[in-house]
Student: 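Okay, handing you the structure first.
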Amino acid sequence: MQGMEQRVGKAWTSPRDGPSETPEVLYFRYLAYRRRHADRLVRLIPRAAVRDLYREAREWALEQGVHDSRDPMATLTRFAEHLLPLPPFEVWLADRATHPIRHIEDSSQMSPVSPPAQPAKVEERRFDYEGRTWFASLHVFAVENRWRGFLRFRQSGHARRYHTAHIFLENTAREVRRSFRGFDGAALGAFLRSVLP
């Protein structure tokens, strides 16, 4: 799965205007979020305590009907997920919409899950260009542990969008956002002018 995500990231060249995250995709990302945190908890447990914890996890998994005798680690991770006070899907979704950078960085640090290969919108700004109101949104994605970003422009009241090339390349998604926030209206107008027909 990780290899497939990295291939998708390398092959990606131009953004899509349609929604890239269906409710199903978002729910799978939520499940991955839960597994990441459970896995981190398991990694914190001293080796000497793992056997006792697994015994407890096995009893719990048998009662719940989720025990997998062929994969003890899966049972342990499910149990750790059960122990953690993780938010329900709706709360996670609202937090993700409010703090997209935190969630993007969470998915890429200390985790076997690779960062998102498809662009994620992390911020949007309103600005004026030639007497009209425009919106510039920042989209980031990761390829080979580096974060790239581009801008997508939309005029207020219009559906058509215009995209820049990949104009950001940083070590973290947060650095890409910092660069975007450094642009004033004149800079955004210059990038918009470069992509208008």
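Residue numbers start at 1 and run along the sequence shown. Quick note: numbers below take in every heavy atom, side chains included, and nothing from hydrogens, waters or symmetry partners.
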Student: Taking only residues two or more places apart in sequence, or in another chain, which ones meet Gln155 in a side chain to side chain donor-acceptor pair (under 3.5 Å)?
Tutor: none
Student: At their closest point, which heavy atom of Thr164 faces which heavy atom of Val195, and how far apart are they?
Tutor: CA-CG1, 3.8 Å
Student: Hey, are Tyr54 and Arg58 close enough side-chain-wise for a donor-acceptor pair under 3.5 Å?
Tutor: no
Student: Can Tyr129 be reached from Leu151 by stepping across I, L, V, M, F, W or Y side chains whose heavy atoms are under 4.5 Å apart?
Tutor: yes
Student: Any chance you could measure Glu81, atom CD, to Leu31, atom CG, to the nearest 0.5 Å?
Tutor: 7.5 Å
Student: In sequence, state the C-alpha distance, the side-chain angles, and the governing distance for Tyr33 and Arg29, and then conclude on side-chain hydrogen bond (donor to acceptor under 3.5 Å, both in side chains).
Tutor: CA-CA 6 Å; Tyr33 155 83; Arg29 289 191 187 209; over 6 Å; no
Student: Apply side-chain contact (heavy atoms from CB on, under 4.5 Å) to the pair Ser179 and Glu170, showing each step before the final yes or no.
Tutor: CA-CA 9 Å; Ser179 296; Glu170 302 287 355; 3.4 Å; yes
Student: Between Phe180 and Phe168, what is the ring plane arrangement, given parallel below 30°, perpendicular above 60°, and tilted in between?
Tutor: perpendicular
Student: Set out, in order, the CA-CA distance, both residues' side-chain angles and the distance that settles side-chain contact (heavy atoms from CB on, under 4.5 Å) for Leu26 and Leu93, then state yes or no.
Tutor: CA-CA 8 Å; Leu26 287 169; Leu93 199 58; 3.9 Å; yes
Student: Assert yes or no for the condition that the ring centre distance of Tyr27 to Phe89 is strictly below 6.0 Å.
Tutor: yes
Student: Do Arg36 and Asp39 meet the salt-bridge criterion of a basic N to acidic O distance under 4.0 Å?
Tutor: no
Student: Counting only heavy atoms not in Arg132, do more than 12 sit closer than 6.0 Å to its CZ atom?
Tutor: no
Student: When hydrophobic residues are tied together by side-chain contacts of less than 4.5 Å, even through go-betweens, does Leu196 share a cluster with Phe191?
Tutor: yes
Student: Any chance the rings of Trp60 and Phe79 have centres within less than 6.0 Å?
Tutor: yes
Student: For residues Trp92 and Phe28: do they belong to one hydrophobic cluster (side chain heavy atoms under 4.5 Å, members Ile, Leu, Val, Met, Phe, Trp, Tyr)?
Tutor: yes
Student: Quick one: list whatever passes side chain to side chain donor-acceptor pair (under 3.5 Å) with Tyr162, sequence neighbours left out.
Tutor: none
Student: Hydrophobic clustering (ILVMFWY, side-chain heavy atoms < 4.5 Å, transitive) - are Ile167 and Leu138 grouped together?
Tutor: yes
Student: Let me check something: do Leu76 and Leu83 share a hydrophobic cluster, defined by ILVMFWY side-chain heavy atoms less than 4.5 Å apart, either directly or through other members?
Tutor: yes
Student: Output the distance between atom CZ (Arg181) and atom CZ (Phe183), rounded to the nearest 0.5 Å.
Tutor: 13.5 Å
Student: Could you label the plane-to-plane angle of the His139 and Phe150 rings as parallel, tilted or perpendicular, counting under 30° as parallel and over 60° as perpendicular?
Tutor: parallel
Student: Evaluate Asp128 against Trp134 for side-chain contact (heavy atoms from CB on, under 4.5 Å), listing each step before the verdict.
Tutor: CA-CA 6 Å; Asp128 291 325; Trp134 286 81; over 6 Å; no
Student: Short question: side chain of Glu175, backbone of Thr172 - any donor-acceptor pair under 3.5 Å?
Tutor: yes
Student: Check the pair Trp147, Arg174 against side-chain contact (heavy atoms from CB on, under 4.5 Å), reporting the backbone distance first and the verdict last.
Tutor: CA-CA 9 Å; Trp147 287 90; Arg174 200 174 296 262; over 6 Å; no
Student: Closest approach of Ala80 and Ala38, non-hydrogen atoms and distance?
Tutor: CB-O, 3.7 Å
Student: Starting at CZ of Phe153, measure out to OG of Ser194 and round the result to the nearest 0.5 Å.
Tutor: 7.0 Å
Student: Could you tell me whether the side chain of Arg78 and the main chain of Val66 form a donor-acceptor pair under 3.5 Å?
Tutor: yes
Student: Side-chain contact, heavy-atom cut-off 4.5 Å: Val140 with Arg148?
Tutor: no
Student: Answer yes if the side chains of Arg152 and His163 hold a donor-acceptor pair under 3.5 Å, and no otherwise.
Tutor: yes
